Amino acid sequence: MLDIRQLRNDPQGVAANLARRGYRLDLEQFSALEGRRKEAQVAVDALRNERNTRSKAIGQAKARGDDVGPLLAEVESLGARLAAGEQALAGLQSGLDRLLLDLPNLLHESVPEGRDETSNVELRRHGEPRRFEFEARDHVAVAEGLGGLDPRSASRLSGARFAVLTGPVAALHRALAQFMLDLHVREHGYREAWVPYLVTRQTLTGTGQLPKFEQDLFRLARAESESELFLIPTAEVPLTNLAGDRIFDADELPLKLVAHTPCFRSEAGSYGKDTRGLIRQHQFDKVELVQIVRPQDSCQALEELTGHASKVLERLELPYRAVALCAGDVGFSSTKTYDLEVWLPGQGAYREISSCSNCDAFQARRMQARWRNPETGKPEPVHTLNGSGVAVGRALVAVLENCQEADGTVTVPAVLRPYLGGMARLQPA
RNA sequence: GGAGAGGUGGCCGAGCGGUCGAAGGCGCUGGACUGGAAUUCCAGUAAUACCCACAAGGUAUUCGUGGGUUCGAAUCCCACCCUCUCCGCCA
């Protein structure tokens with residue numbers, strides 16, 4: 001959520017910033033609505049003030065033993081007028097809230113211009129894509145060769161975009177997640193967390209997935225109850241919301257959290273994209289990094305967090321590149337995002353495996369995550385960051401494709417071997 | 001699923017129709033004391049919105065959430081959510 005004060009003080013500037021994303025902010029609609037809301041609120045406040053004053057007078061008269069009949073008569077029509085005013089105000093307020101909740105975050109000035117991913121800026125490359133002396137297969141072929149992928153069963157159980165992994169492939173998947181978690185906890189100073197995979201509408205509103213992107217989520221309705229829960233699309237949601245409704249002391253920050261969770265996405269609107277293999281699934285595992293920091297620290301924190309995610313790929317010896325997302329490609333809640341793209345020999349392309357975002361105060365304002373700024377003594381929004389460290393399913397794909405051998409085996413990256421009982425090579429069953 | 005208790009400010013906790021944004025304590029901040037500190041003493045210390053210069057000052061809202069009763073609700077009524085204790089069931 002944007003700071004409504006900034007929207008009032010500098011509407012042109014806000015509109016110009018959002019325009020970089022390709023988002024058109026209707027300033028006239030906003031200022032008309034905001035003007036009417038303000039008017040209604042002033043009117044309602046005045047009526048409530050009158051009611052409070054008169055009620056107090058009635059109380060005092062009663063205490064003295066005076067006749068309150070005339071006083072009651074004076075107050076007779078107040079209730080109806082107040083109720084009408086309050087109803088009008090509530091209507092205007094909810095319209096304004098909805099408008100505000102639907103506005104994306106302002107972009108950081110360093111975000112490059114551009115409409116879509118073709119304008120993203122490559123920052124650096126790490127590692128040389130390996131030269132294969134045989135034709136590199138894609139991860140589906142490699143995994144099936146190992147007898148570790150069962151697409152028929154997956155679709156029989158759950159339909160399209162689900163996977164069943166078995167044997168060495170399932171073990172490799174588990175090893176990857178555990179390695180990442182350990183790396184971030186032991187070397188990068190994150191606190192391990194285990195969190196709910198089902199969350200409320202309010203929680204998803206806090207991080208920005210709702211109200212606008214409900215079609216991307218799996219929603220669970222509970223029988224004979226109006227209550228509902230959603231499957232998390234990323235651990236960013238529960239982890240970041242841990243800071244919600246809190247006021248941190250300065251010395252409690254930064255708060256660095258990591259969790260390994262499944263993620264669930266309905267992938268509405270992505271029909272036909274990445275239909276083969278494990279790239280795009282309704283369910284996948286991810287190790288997620290979240291930082292809650294002081295506002296002055298968030299830019300630096302984004303660089304560090306991206307470094308933490310990069311380290312995963314470096315330790316796995318996977319070639320990757322880092323890109324800065326351009327204006328049109330930065331997500332709703334983010335002010336600035338770096339993507340890490342891993343080299344996939346099966347596709348001959350770099351594909352996203354991590355996305356690291358600085359959400360500045362945008363999420364903090366939505367969920368009331370604050371810290372007490374020693375300089376002002378006041379509670380002020382914290383800044384929140386999140387990043388994949390990294391997507392486990394895609395890391396599995398990357399290892400299978402990059403570490404495959406001509407004979408169909410897969411060389412296990414050295415850092416994963418301790419998690420596989422020392423196994424150095426995955427063999428066909 | 002059955003029985004009971006409860007949800008109040010950064011935290012703990014009193015209040016149970018009117019002057020209650022709410023006693024008391026903890027914590028925090030400032031001051032006194034001290035060579036410096038601890039202890040002690042004094043004072044201050046909620047958030048949000050609106051008027052307004054995001055100052056001072058003022059108004060409104062907020063005592064789990066949403067409704068209701070009332071001139072007036074933290075306090076009474078209804079529904080829902082959540083927490084805790086005991087019993088049952090269960091990975």
Side-chain angles (χ1 to χ4, degrees), chain A residues 1-11 13-14 31 33-97 99-101 194 196-203 205-206 220-230 241-253 255 292 295 361 364-382:
Chain A
M1 193 158 66
L2 300 183
D3 185 353
I4 190 160
R5 229 171 264 141
Q6 185 177 7
L7 197 48
R8 281 195 291 254
N9 293 343
D10 181 22
V14 169
S31 69
L33 200 53
E34 168 65 5
R36 280 164 61 207
R37 193 211 110 240
K38 201 175 282 192
E39 203 175 301
Q41 177 160 355
V42 169
V44 166
D45 279 0
L47 282 172
R48 288 209 266 233
N49 178 238
E50 189 179 342
R51 182 200 61 194
N52 292 346
T53 312
R54 291 183 186 254
S55 290
K56 195 170 279 191
I58 291 170
Q60 286 165 345
K62 242 182 168 170
R64 282 195 304 270
D66 293 355
D67 175 20
V68 296
L71 289 173
L72 286 176
E74 282 178 34
V75 103
E76 211 179 280
S77 72
L78 250 178
R81 282 191 290 155
L82 186 55
E86 281 176 335
Q87 199 178 352
L89 178 61
L92 289 164
Q93 187 68 57
S94 71
L96 203 57
D97 286 348
L99 198 148
L100 219 51
L101 284 173
W194 184 84
Y197 308 148
L198 292 170
V199 297
T200 62
R201 184 172 284 275
Q202 187 183 14
T203 301
T205 304
L220 307 172
R222 287 203 267 190
E224 307 202 17
S225 164
E226 284 177 34
S227 71
E228 57 179 358
L229 288 168
F230 295 82
N241 274 283
L242 288 176
D245 273 320
R246 287 195 54 183
I247 301 178
F248 292 93
D249 288 328
D251 61 13
E252 291 179 272
L253 303 176
L255 187 61
I292 313 295
R365 276 190 291 265
R366 293 168 84 100
M367 65 175 73
Q368 305 242 59
R370 297 168 291 176
W371 71 303
R372 197 168 291 278
N373 184 349
E375 285 178 25
T376 62
K378 297 276 181 198
E380 296 170 14
V382 295

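What you are looking at is a predicted structure, and each value in this text was computed from that prediction instead of being measured.
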What does A:Asp249 touch in the nucleic acid at a heavy-atom separation under 4.0 angstrom: a base, only the sugar-phosphate, or nothing?
->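 If one applies the 4.0 Å heavy-atom cut-off, A:Asp249 turns out to touch nothing in the nucleic acid.
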
- Checking all strands, does A:Arg48 fall into the base, sugar-phosphate, or nothing category for heavy-atom contacts under 4.0 angstrom?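 Sugar-phosphate, no base atom in range.
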
Rounded interatomic separation in angstrom, taking [atom1] from [X] and [atom2] from [N]:
X        : N      : atom1 : atom2 : answer
A:Leu78  : B:rC71 : CG    : P     : 12 Å
A:Asp45  : B:rU62 : CG    : P     : 11 Å
A:Ile58  : B:rU19 : CD1   : C1'   : 14 Å
A:Arg246 : B:rA47 : CZ    : P     : 17 Å
A:Leu82  : B:rG72 : CG    : C1'   : 12 Å
A:Glu86  : B:rG67 : CD    : P     : 10 Å
A:Arg365 : B:rU48 : CZ    : P     : 13 Å
A:Asp10  : B:rC54 : CG    : C1'   : 15 Å

Write down the partner of [N] under the Watson-Crick or G-U wobble criteria, each distance required to be under 3.5 Å.
N      : answer
B:rA3  : B:rU85
B:rC90 : none
B:rA49 : B:rU59
B:rA79 : B:rU65
B:rG36 : none
B:rU29 : B:rA43
B:rC16 : none

By nearest-nucleotide position on RNA chain B, the 5'-leaning member of A:Lys38 and A:Arg51 is A:Lys38

Of A:Arg8 and A:Glu50, whose closest RNA chain B nucleotide lies nearer the 5' terminus?
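Result: A:Arg8.
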
Could you go step by step and tell me if A:Glu252 and A:Arg246 meet the side-chain contact (heavy atoms from CB on, under 4.5 Å) rule? CA-CA 12 Å; A:Glu252 291 179 272; A:Arg246 287 195 54 183; 3.3 Å; yes

Where the side chain of [X] is defined as all heavy atoms beyond and including C-beta, which of [options] is the nearest nucleotide?
X       : options                : result
A:Val42 : B:rG18, B:rU48, B:rC51 : B:rC51
A:Gln41 : B:rA49, B:rG10, B:rA60 : B:rA49
A:Asn52 : B:rA60, B:rC50, B:rG18 : B:rA60

If we take the [atom1] atom in both [N] and [M], what is their distance in whole Å?
N      : M      : atom1 : answer
B:rC77 : B:rC82 : P     : 22 Å
B:rG18 : B:rU75 : P     : 12 Å
B:rC89 : B:rG2  : C1'   : 11 Å
B:rG17 : B:rA74 : P     : 13 Å
B:rG36 : B:rG31 : P     : 13 Å
B:rA47 : B:rU85 : P     : 33 Å
B:rC76 : B:rC16 : C1'   : 10 Å
B:rC84 : B:rG64 : C1'   : 15 Å

Answer yes or no: is there an ion pair linking A:Arg36 with A:Glu39, defined by an N-O contact shorter than 4.0 Å?
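The answer is no: the pair does not qualify as a salt bridge.
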
Do NZ/NE/NH1/NH2 and the carboxylate oxygens of A:Glu380 and A:Arg372 come within less than 4.0 Å? no

| said: With a 4.5 Å cut-off on side-chain heavy atoms, are A:Phe230 and A:Arg201 touching? | reply: yes

Is there a side-chain contact between A:Leu220 and A:Glu228 (heavy atoms, below 4.5 Å)? no

Let's test your reading of the model: under 3.5 Å, does the base of B:rG18 pair with the side chain of A:Lys62 as donor and acceptor? yes

- Kindly say if A:Asn49 contacts the phosphate of B:rU59, meaning a side-chain N or O under 4.0 Å from OP1 or OP2.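 No, no such contact exists.
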
For B:rA46 and A:Arg370 - does any side-chain N or O of the residue sit under 4.0 Å from the phosphate oxygens OP1/OP2? no

| Counting N and O atoms only, with roles assigned by atom type, does the side chain of A:Ser55 sit under 3.5 Å from a partner on the main chain of A:Arg51, one being a donor and the other an acceptor? |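 Yes.
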
- Task: Apply side-chain contact (heavy atoms from CB on, under 4.5 Å) to A:Val199 and A:Asn241, showing your working.
- Result: CA-CA 10 Å; A:Val199 297; A:Asn241 274 283; over 6 Å; no

